[in-house]
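Chain letters run A, B, ... following the sequence lines, proteins first and then strands; every chain starts at 1. Small disclaimer: the values here were computed from a predicted structure and weren't measured.
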Amino acid sequence: MGRNKFKAPKGTRDILPEEAKKREYIEEIAKEIFQLYNYQPIITPLFEKTELFIRGIGESTDIVQKEMYTFQDKKGRSLTLRPEGTASIVRAFLEHNFNQKPFPLKLFYIGPMYRFERPQAGRSREFWQIGAEAIGSIEPAIDAEIICLMIEYLTRLGLKDFTLLLNSMGCPKCRLSFIKVLEKYLHPFKGELCPDCVRRLSTNLLRIYDCKNKNCLKILRQGPIISHFLCEECLSHFKELQALLTQEGIHFQIEPFLARGLDYYTKTTFEVRSPYLGAQNAIGGGGRYDGLIEELGGDSTPGIGFAIGVERLLLHAEVEKIKIPQAAKPKVFIGLVERDLKREAFKILQDLRDASISAEMDFLGRSLKSQIRLADKLGVSFVLFIGPDEMEKGVVKVRDMESGLEEEIKKDNLIFSLKKKLSVKDGGNNES
RNA sequence: GUGACCGUAGCUCAAUUGGUAAGAGCAUUGGACUGUGGAUCCAAUGGUUGGGGGUUCAAGUCCCCUCGGUCACCCCA
């Protein structure tokens, strides 16, 4: 171990075949559901101009303040590895004049994000998100669609034990009046709040809701609630969204203290929490960002989106023992009895593959016994023996690894016969 | 960025108060069974004990630094 000079950088890791296959599966399901809801794939660069994230995510957020992977390229431009997906998508939206397309424009993405943080359970420096954005509609129905999409995806994967939290942050107008009231309420408690919250009092008041200090929480919970201060428009939006979710049988919990750490959220915010993830308990979350596109230089255009953390999803799925179908194993192994029949064996191997039969053979000159052992480890259904006796008769000996029965099959008939045998076996189970 | 705990073969773990030449199981490879798997048995491969420095006659074991891991805080996916 000490010999290995190179290790994956702190907070990153290799995703080995076993896990990679699971990811392929959950991505596949995601794509199915996105297609069902008519969301189109988009792939944006892993890095962007730093300025985009500062403007998009918000100067005062933790992401911008301390979590960005920022570097200079050879021309001295400041670039940043993307810490989240929405800013890039809005940038692409503006860059390609997507406002010319029919609204709402619906996009999804799957890819890695980067945040410079101390790793812990459910948190690393490189992590993947599956996310979706719907741009151009202010209808509560699109909020409902986005949330349904997210919940349906998790449900489709088989997750059960999660909670959907819902809140409205209001719009800039009503938020302002709420902030005033909250400020007034909190002022007398200044001496009792934790130092962080005292700081938040003057910098970014709403961030106070992120505090986990028991005393601060107690004070907050007895204070004003943002939903009581929503303007007429925001309130009816929120009510309509709730009605739609209820109609679809989606259970949610109003969480008046759900603030979320990105400055751009307006009106709807939501988060899916898992009881199994330790301190980092959000599997995914999202919200409406009606001011973001204008902030980044476009016409005033509303939008809403969510992101799911792939690693957290997988961690949760592990606890719930979610069944993830295993990728197919090779079905046939070629057992080479004598070395000088290598060419013949290779030919049969390729013939099988040409016929779409997944096949494998030995490439290390192993003894026949070791070859069969290997075949067993690979879990193939059949082993074909290629030996002098068989050659002479123009046949291949086929061993059924389950029953141990062997049968000689004419070479001309091999593919047809194997396909038939395999389809019989496949008829039963296909999972593990 | 802060704190706590941890770091011995590919994996899971041993190694008396610092004391011979760091062991075992599993995995891998070969063999017992010279044309045949899963069981069993035998053998081999595999470690400058994360790295560096220090204390000591002697360090896997003690001290310092560093890298990494784990968990928590901050915050979020």
Side-chain angles (χ1 to χ4, degrees), chain A residues 1-13 16 57 60-67 82-86 110-131 150 194-197 199-200 204 207 209-213 258-262 271-274 277-286 306-316 333-339 341 364-391 397-406:
Chain A
M1 195 207 281
R3 278 180 188 284
N4 288 349
K5 194 173 173 181
F6 296 112
K7 288 189 246 176
K10 187 184 177 97
T12 70
R13 69 202 175 93
L16 303 178
I57 298 167
S60 71
T61 59
D62 265 37
I63 292 180
V64 169
Q65 289 283 312
K66 50 178 215 189
E67 294 171 10
R82 63 184 187 191
E84 57 103 49
T86 305
I110 298 177
M113 305 294 162
Y114 300 87
R115 271 133 73 168
F116 193 89
E117 293 188 274
R118 234 3 207 276
Q120 71 183 73
R123 169 188 291 163
S124 52
R125 293 185 168 183
E126 180 183 59
F127 60 97
W128 284 55
Q129 287 189 333
I130 296 178
M150 180 169 169
C194 73
D196 279 332
C197 283
R199 182 175 47 79
R200 287 164 172 140
N204 198 340
R207 245 339 85 60
Y209 286 115
D210 298 333
C211 191
K212 280 166 189 158
N213 179 297
L258 180 69
R260 301 192 55 77
L262 295 96
E271 189 167 300
V272 169
R273 283 192 191 158
S274 160
L277 298 183
Q280 310 310 319
N281 60 3
I283 296 180
F306 73 80
I308 290 173
V310 173
E311 288 77 8
R312 291 186 186 176
L313 174 59
L314 251 25
L315 282 172
H316 178 105
F333 188 94
I334 315 256
L336 187 58
V337 178
E338 276 191 11
R339 294 282 178 79
L341 293 171
L364 294 181
R366 274 180 259 244
S367 67
L368 185 61
K369 176 208 287 291
S370 293
Q371 291 181 56
I372 312 307
R373 277 189 185 154
L374 177 59
D376 182 50
K377 275 171 205 154
L378 294 175
V380 299
S381 302
F382 298 100
V383 171
L384 311 188
F385 290 91
I386 315 290
D389 298 352
E390 288 81 3
M391 285 299 102
K397 196 190 275 177
V398 178
R399 179 185 177 89
D400 183 322
M401 289 296 274
E402 212 176 319
S403 65
L405 296 177
E406 293 182 356

Enquirer: Which nucleotide sits closest to the side chain of A:A282: B:A77, B:C74, B:C73?
Expert: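 Shortest atom-to-atom distance from the side chain points to B:A77.
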Enquirer: Quantified in whole Å, what is the P atom distance between nucleotide B:G10 and nucleotide B:G51?
Expert: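 Per the computed distance, 13 Å lies between those P atoms.
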Enquirer: Just wondering, do A:I283 and A:R273 contact through their side chains at under 4.5 Å, heavy atoms?
Expert: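 No, every pair of side-chain atoms sits at 4.5 Å or beyond.
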Enquirer: Could you state the CZ-P distance from A:R13 to B:U70, rounded to the nearest angstrom?
Expert: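 Rounded to the whole Å, the gap is 9 Å.
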Enquirer: Which nucleotide sits closest to the side chain of A:D62: B:G68, B:C74, B:U36?
Expert: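 Between B:G68, B:C74, B:U36, the one nearest the side chain of A:D62 would be B:C74.
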Enquirer: Per the salt bridge (Lys or Arg N to Asp or Glu O under 4.0 Å) rule, what does the pair list look like for residues 111-120 of chain A, sequence neighbours excluded?
Expert: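 Only A:E67-A:R115, A:E117-A:R123 qualify under salt bridge (Lys or Arg N to Asp or Glu O under 4.0 Å).
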Enquirer: For A:R123 and for A:Q129, find the nucleotide of RNA chain B with the closest heavy atom, then tell me which residue's nucleotide is more 5'.
Expert: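 It is A:R123 whose nearest nucleotide is closer to the 5' end.
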Enquirer: Would you mind reading off the distance between A:I57 atom CD1 and B:A77 atom P, rounded to a whole angstrom?
Expert: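 Value for this atom pair: 10 Å.
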Enquirer: Can you find a side chain N or O atom of A:Q120 that sits less than 4.0 Å from OP1 or OP2 on B:A72?
Expert: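 True: A:Q120 side-chain N/O within range (under 4.0 Å) of B:A72 OP1/OP2.
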Enquirer: If I pick the C1' atom on B:C67 and the same atom on B:G30, what distance separates them, to the nearest angstrom?
Expert: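 Between the two C1' atoms, the distance is 39 Å.
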Enquirer: Nearest of B:G35, B:G37, B:C74 to any side-chain atom of A:K66?
Expert: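 The closest nucleotide is B:C74.
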Enquirer: With a 4.5 Å limit on heavy-atom distance, are the side chains of A:F333 and A:L384 in contact?
Expert: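 No, every pair of side-chain atoms sits at 4.5 Å or beyond.
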Enquirer: Could you measure between the two C1' atoms, the one in B:C62 and the one in B:A43, and give it in whole Å?
Expert: 40 Å
Enquirer: Is the closest side-chain heavy-atom distance between A:I386 and A:M391 below 4.5 Å?
Expert: yes
Enquirer: Round to the nearest Å and state the distance from A:E311 atom CD to B:U70 atom P.
Expert: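 Between P of B:U70 and CD of A:E311: 12 Å.
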Enquirer: Output the rounded distance in Å from CD (A:Q280) to P (B:U70).
Expert: 13 Å
Enquirer: Would you give the length of the straight line joining atom CE of A:M401 to atom CG of A:L378, rounded to the nearest 0.5 angstrom?
Expert: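 Interatomic distance, A:M401 CE to A:L378 CG, rounded to 0.5 Å: 9.5 Å.
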Enquirer: Heavy atoms under 4.0 Å is the rule here; annotate nucleotides 25-31 of chain B 5' to 3' with B where the base is hit, S where only the sugar-phosphate is, and - elsewhere.
Expert: ---SSSB
Enquirer: Where is the tightest heavy-atom contact between A:Q280 and A:A121, given as atom of each residue plus distance?
Expert: CG-O, 3.3 Å
Enquirer: Between the base of B:U36 and the side chain of A:Q371, is there any donor-acceptor pair under 3.5 Å?
Expert: no
Enquirer: Roughly how far, to the nearest 0.5 Å, is the CD1 atom of A:I130 from the CG atom of A:L313?
Expert: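 So the CG of A:L313 and the CD1 of A:I130 are separated by 6.5 Å.
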Enquirer: Salt bridge between A:E84 and A:R82, side-chain N to carboxylate O under 4.0 Å?
Expert: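 No, this pair does not count.
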Enquirer: When you compare B:U12 with B:U70, how far apart are their P atoms, in angstrom units rounded to a whole number?
Expert: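 B:U12 and B:U70 have their P atoms separated by 13 Å.
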Enquirer: In whole Å, I'd like the distance from the CZ atom of A:F6 to the P atom of B:G51.
Expert: 16 Å
Enquirer: Do A:K10 and B:C67 share a donor-acceptor pair, side chain to base, under 3.5 Å?
Expert: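 When only heavy-atom distances are counted, A:K10 does not reach the base of B:C67 through any donor-acceptor pair under 3.5 Å.
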Enquirer: Give the rounded distance in Å between these two atoms: CD of A:E117 and C1' of B:A72.
Expert: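 Result: 13 Å.
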Enquirer: Please classify the nucleic acid contact of A:T12 as base, sugar-phosphate, or nothing, using heavy-atom distances under 4.0 Å.
Expert: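 Since no nucleic acid heavy atom lies under 4.0 Å of A:T12, the category is nothing.
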Enquirer: Measure the shortest side-chain to side-chain distance between A:L336 and A:L341 over non-hydrogen atoms and say whether it is less than 4.5 angstrom.
Expert: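 In short, these two side chains touch, coming nearer than 4.5 Å.
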Enquirer: Write down the distance separating the C1' atoms in B:A9 and B:G23, rounded off to the nearest Å.
Expert: 10 Å
Enquirer: Is there a side-chain contact (heavy atoms from CB on, under 4.5 Å) between A:Q129 and A:V310? Walk through the geometry before answering.
Expert: CA-CA 5 Å; A:Q129 287 189 333; A:V310 173; 5.8 Å; no
Enquirer: Say you pick atom P in B:C13 and the same atom in B:G18; how far apart are they, in whole Å?
Expert: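 Straight-line distance between the two P atoms is 24 Å.
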Enquirer: Would A:R399 pass as a cation-pi partner of A:F385, given that its NZ or CZ must be under 6.0 Å from the six-membered ring centre and within 45 degrees of the axis?
Expert: no
Enquirer: Between A:F116 (CZ) and B:U2 (C1'), how many Å, whole number?
Expert: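 A:F116 atom CZ is separated from B:U2 atom C1' by 14 Å.
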Enquirer: Reckon A:G278 touches a base, only the sugar-phosphate, or nothing at all at heavy-atom distances under 4.0 Å?
Expert: sugar-phosphate
Enquirer: Pick the closest RNA chain B nucleotide for A:V310 and for A:P119 by heavy atoms, then say which residue is nearer the 5' end.
Expert: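 The residue mapped nearer the 5' terminus is A:P119.
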Enquirer: Taking CD1 from A:I63 and P from B:C74, how many angstroms apart are they, rounded to a whole number?
Expert: 16 Å
Enquirer: Using the P atom as the point on both nucleotides, what is the distance between B:U40 and B:A4, in whole Å?
Expert: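 Those two atoms are separated by 47 Å.
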Enquirer: Under 4.0 Å, heavy atoms only, any strand: does A:Q65 hit a base, just the sugar-phosphate, or nothing?
Expert: nothing
Enquirer: Within the structure shown, what part of the strands sits under 4.0 Å from A:L313 by heavy-atom distance: base, sugar-phosphate, or nothing?
Expert: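 Result for A:L313 = nothing.
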Enquirer: What does A:A121 touch in the nucleic acid at a heavy-atom separation under 4.0 angstrom: a base, only the sugar-phosphate, or nothing?
Expert: sugar-phosphate
Enquirer: How is A:G11 classified with respect to the nucleic acid when contacts are heavy atoms under 4.0 Å: base, sugar-phosphate, or nothing?
Expert: sugar-phosphate
Enquirer: Taking atom C1' in both B:G19 and B:G60, what distance in whole Å separates the two?
Expert: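 B:G19 and B:G60 have their C1' atoms separated by 13 Å.
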Enquirer: If we require ring centres under 5.5 Å and near-parallel planes under 30°, does A:F385 stack on B:G35?
Expert: no
Enquirer: Atom CD1 in A:I63, atom CZ in A:F116: separation rounded to 0.5 Å?
Expert: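 Output value for this atom pair is 15.0 Å.
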Enquirer: Hey, is the side chain of A:R115 pairing donor to acceptor with the base of B:A77 inside 3.5 Å?
Expert: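 Indeed there is one.
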Enquirer: Given that both pair distances must be under 3.5 Å and the pair must be Watson-Crick or G-U, what runs of three or more consecutive pairs involve RNA chain B?
Expert: B:1-7 with B:67-73, B:10-13 with B:23-26, B:28-32 with B:40-44, B:50-54 with B:62-66
Enquirer: Do A:E67 and B:G1 share a donor-acceptor pair, side chain to base, under 3.5 Å?
Expert: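 No, the side chain and the base share no sub-3.5 Å donor-acceptor pair.
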